[in-house]
Undergrad: 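After the structure tokens below, expect a handful of questions from me.
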Amino acid sequence: MAKWVYKFGDGQAEGRAGDKELLGGKGANLAEMCSLGLPVPPGFTITTEVCTWYYAHDKSYPQELEEQVDAALDEVGRIAGRRFGDPENLLLVSVRSGARASMPGMMDTVLNLGLNDETVEALASDSGDARFAYDSYRRFIQMYSNVVLGLDHEMFEEILEDEKSRLDYEVDTDFTAPDWQRVIGIYKARIEEELGEPFPQEPRKQLWGAIGAVFSSWMNPRAITYRRLHGIPESWGTAVNVQAMVFGNMGETSATGVAFTRNPSTGENALYGEFLVNAQGEDVVAGIRTPQNITEAARIEAGSDKPSLEKLMPEAFASFVAISEKLEKHYRDMQDLEFTIERGKLWMLQTRSGKRTAKAALKIAVDMAREGLITPEEAVTRIDPASLDQLLHPTIDPKAERDIIGIGLPASPGAATGEIVFTSEEAEDLKSQGRKVILVRVETSPEDIHGMHAAEGILTTRGGMTSHAAVVARGMGKPCVSGAGSLRVDYRSGMLMAMGTVLKKGDIITIDGGTGHVLKGAVPMLQPELSGDFAAIMEWADKVRRMRVRANAETPADARMARSFGAEGIGLCRTEHMFFDEERIVAMREMILSDSESDRRAALAKLLPMQRSDFVELFEIMAGLPVTIRLLDPPLHEFLPKTEEEIAEVAAAMSVPADKLRERTEALHEFNPMLGHRGCRLAVSYPEIAEMQARAIIEAAVEAGKATGKPVVPEIMVPLVGIVAELNFVKERIDQVAREVMKEKGVEIEYLVGTMIELPRAAIRAHVIAESAEFFSFGTNDLTQTTFGISRDDAATFLEIYRKKGLIEEDPFVSLDIEGVGELVRMGAEKGRATRPDIKLGICGEHGGDPASIAFCEKVGLDYVSCSPFRVPIARLAAAQAAVGRG
Ligand code: PEP
Ligand code: MG
């Protein structure tokens with residue numbers, strides 16, 4: 001018989017931490033904690049295979065499931081000394097989702113399940129606390145109605161608010177037992193009115209309703225969006241965890257909380273967390289009440305006057321500290337813990353590897369390696385390369401004047417400036433107009449994910465360090481200030497009220513997620529520091545990686561930045577970018593307007609010294625590291641004016657008739673310029689352009705070699721080759737010029753001539769092309785364009801539709817299409833090597849900075865990847881992970 005249900009409790013479990021695929025993250029870790037002998041309320045996990053079955057069989061269950069659930073429920077009751085649905089000896093359960101990858105807040109949870117009009121009385125007498133019992137029942141009705149019956153959460157909140165103002169109460173805890181009974185009555189009447197049938201009383205019916213709702217929630221729009229953003233496959237499914245309830249809301253000796261074994265924001269090695277006295281599970285994360293600190297140290301640092309758990313419940317605190325240390329050692333990673341204290345007794349409800357900021361991830365990995373808990377190589381695999389982006393975020397210049405209008409919690413680091421918006425829709429709207437916004441909310445909910453994505457930063461006025469806004473912003477690497485209680489948001493009037501200041505929608509503010517400050521206006525920022533833990537990880541990464549990392553750079557500033565990020569050379573210098581400078585474009589235009597070769601050569605002669613000095617500077621900055629310079633690539637019309645106005649202006653400045661300029665522009669017009677007169681085709685038509693560039697390169701190499709004392713070996717790259725004859729034609733010119741220059745200068749230098757592989761034909765004929773080419777650089781931007789037959793300039797409009805409709809998972813211009821374009825890369829590499837075993841192989845398309853594509857480059861055995869300077873650290877780390885097989 002197939003096994004669909006896995007039990008845990010009483011120091012034993014049928015599952016293990018390694019069973020995440022089957023039991024989901026939560027279920028697997030509950031089982032593991034149980035086996036470790038930790039206090040975990042007994043329960044069972046319905047596997048992800050049931051979820052798969054459910055969707056494959058028209059939302060029904062396998063036949064044996066009911067029997068297995070019943071047996072497991074009996075076992076839970078036996079361990080707890082209770083029975084589900086038995087008012088004499090009441091067992092209540094929680095029902096929670098738990099996917100393989102954590103998806104916080106995306107799916108549904110139901111607590112206190114099993115309560116009804118009869119059992120609530122049992123809970124009241126059992127606990128000796130009628131107020132608690134009715135509060136639990138009304139929470140259950142609220143949650144169940146929302147999650148299972150599909151009623152609006154707001155409807156219940158409104159009823160609650162009405163009662164609160166009628167009774168002149170401030171907070172929920174003011175309600176007495178009879179008050180809650182009355183609220184329950186109103187709830188039930190309203191539910192019956194909405195649904196035409198009463199709230200379900202039968203506990204088993206409630207249970208199956210909740211199980212079905214959790215499975216259904218796998219396909220809710222929130223979860224679908226979350227999966228898309230995080231690349232989680234739909235096929236994984238979720239598990240369902242059913243567990244005996246423990247109560248953090250049984251009075252003043254009860255509490256509930258969440259904690260991290262190290263600080264998730266800074267990485268500091270100190271237990272870090274928050275709790276609420278007399279509260280139930282979701283209250284902490286929901287950000288409705290602002291929670292208290294767990295440790296005294298954290299309380300003092302936060303300047304809070306509310307007692308810490310350490311002071312308030314020292315025994316429970318001590319067990320919690322011991323457990324958290326045990327779990328961190330056991331999992332060898334920082335853990336994110338959930339716990340409940342029921343009348344002084346500690347229960348563990350969850351452990352998992354904690355989400356953290358990039359800065360914390362670095363510090364934790366480096367510290368753990370130094371503590372001997374993990375190896376340096378493991379430390380390298382612990383960092384998500386893409387997350388390094390966060391560390392490259394600017395921070396506020398400490399010398400800048402700060403007009404502080406509010407202070408909240410430093411929920412996610414980095415600083416950001418933007419216009420105030422109050423809704424996620426506005427955030428998206430303005431972002432699409434290219435504007436920068438700060439999303440300001442009382443609190444955020446999973447519905448705000450898209451707005452948070454669009455915003456530069458997030459500011460909330462309510463909620464703690466583990467509130468939705470804080471957790472999600474950290475995951476996204478966006479600056480966030482949460483719980484800025486002195487600020488008031490008025491959605492209706494579109495205003496943000498600060499101490500003595502009123503700001504409106506559209507006003508500029510700056511938030512500092514490192515300090516929690518909210519500032520008026522824009523503030524000078526500083527670029528990030530790349531020493532310390534960052535440098536340590538990079539050093540370890542550099543030790544294990546095989547592939548070299550170069551940068552795509554053409555300006556001295558970019559080249560310097562690339563070096564400071566650890567680039568080991570330039571993999572692509574796009575020379576056309578050097579011709580847009582005011583002075584140069586004139587000579588460039590003269591060249592394009594020339595009617596004869598000799599006129600063209602005259603114009604090119606003006607460009608030569610400028611090109612040469614550009615190259616000298618690049619070679620000097622790179623001090624002996626390899627530099628690949630690509631000959632002119634774009635179609636010539638890109639250098640000519642476009643509008644009538646521009647044509648008139650340029651014509652006047654160049655003293656040529658506007659008609660001539662217009663005619664030439666029209667003559668150069670192409671229907672498909674991307675597939676037109678560009679790349680090596682220009683060099684075939686006008687060899688003098690390639691000759692000038694080759695001369696500039698060789699002369700510069702001689703000069704820079706002399707100046708630095710380090711020989712420069714330039715790599716001259718011919719773009720867009722499709723047939724070997726093109727390469728041979730251009731190479732002959734280059735070699736001829738090189739011979740001339742060396743003769744003139746009286747020195748011999750080494751140089752390489754190679755090509756880009758950016759057309760399918762070039763990949764197919766790579767073995768022949770390699771007879772002439774001394775290196776290949778895969779230009780995967782063009783190779784993607786030409787393999788798919790999708791224009792890189794027009795793709796954005798419809799590729800997004802493809803992605804939304806599920807036809808593709810990733811934009812192939814962002815992450816290499818391994819099955820298609822990748823196959824051409826593999827073929828090109830293999831064929832190239834077959835002809836010339838020591839051929840140098842690299843990649844210089846955008847994919848050179850994308851971790852998944854880098855992992856592929858490692859598999860194919862490329863020698864290096866080349867990417868934009870800011871992505872160099874990401875590429876170094878990704879290349880290291882790929883080398884140890886973890887990319
Ligand atoms: C490429 O095509 O991948 C490439 C690097 O060249 P460019 O983007 O300049 O066309
Ligand atoms: Mg290209």
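Side-chain atoms are counted along with the backbone in the values below, which use heavy atoms only and exclude waters and symmetry mates. In this chain, numbering begins with 1 at the start of the sequence shown. Counting convention: from 1, in listed order, for ligands and their atoms alike.
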Undergrad: For Thr780, take its heavy atoms, then give the atoms of ligand 1 lying under 4.0 Å from any of them.
TA: 3 (O)
Undergrad: Got an N, O or S from Asp633 under 2.8 Å of the Mg ion (ligand 2)?
TA: no
Undergrad: Is a donor from one side chain sitting under 3.5 angstrom from an acceptor on the other, for Gln736 and Arg739?
TA: yes
Undergrad: Between His450 and Thr225, does any side-chain donor sit less than 3.5 Å from a side-chain acceptor?
TA: no
Undergrad: Could you check which of Asn781, Leu720, Leu783 puts a non-hydrogen atom nearest to atom 1 (C) of ligand 1?
TA: Asn781
Undergrad: Going by heavy atoms, is His847 under 4.0 Å from ligand 1?
TA: no
Undergrad: Heavy-atom contacts with Cys844 under 4.0 Å: which atoms of ligand 1 show up? List them by number with element.
TA: 5 (C)
Undergrad: Out of all atoms in ligand 1, which are within 4.0 Å of some heavy atom of Asp782? Include the element for each.
TA: 1 (C), 2 (O), 3 (O), 10 (O)
Undergrad: Can a side-chain donor-acceptor contact be found between Ser777 and Arg630 if the only test is distance below 3.5 angstrom?
TA: no
Undergrad: Please work out which of Glu846, Glu576, Arg630 has its closest non-hydrogen atom nearest to atom 6 (O) of ligand 1.
TA: Arg630
Undergrad: Regarding atom 8 (O) of ligand 1: of the candidates His577, Arg792, Met717, which has the closest heavy atom?
TA: Arg792
Undergrad: At less than 4.0 angstrom from any non-hydrogen atom of Glu758, what atoms of ligand 1 do you find?
TA: 1 (C), 2 (O), 6 (O)
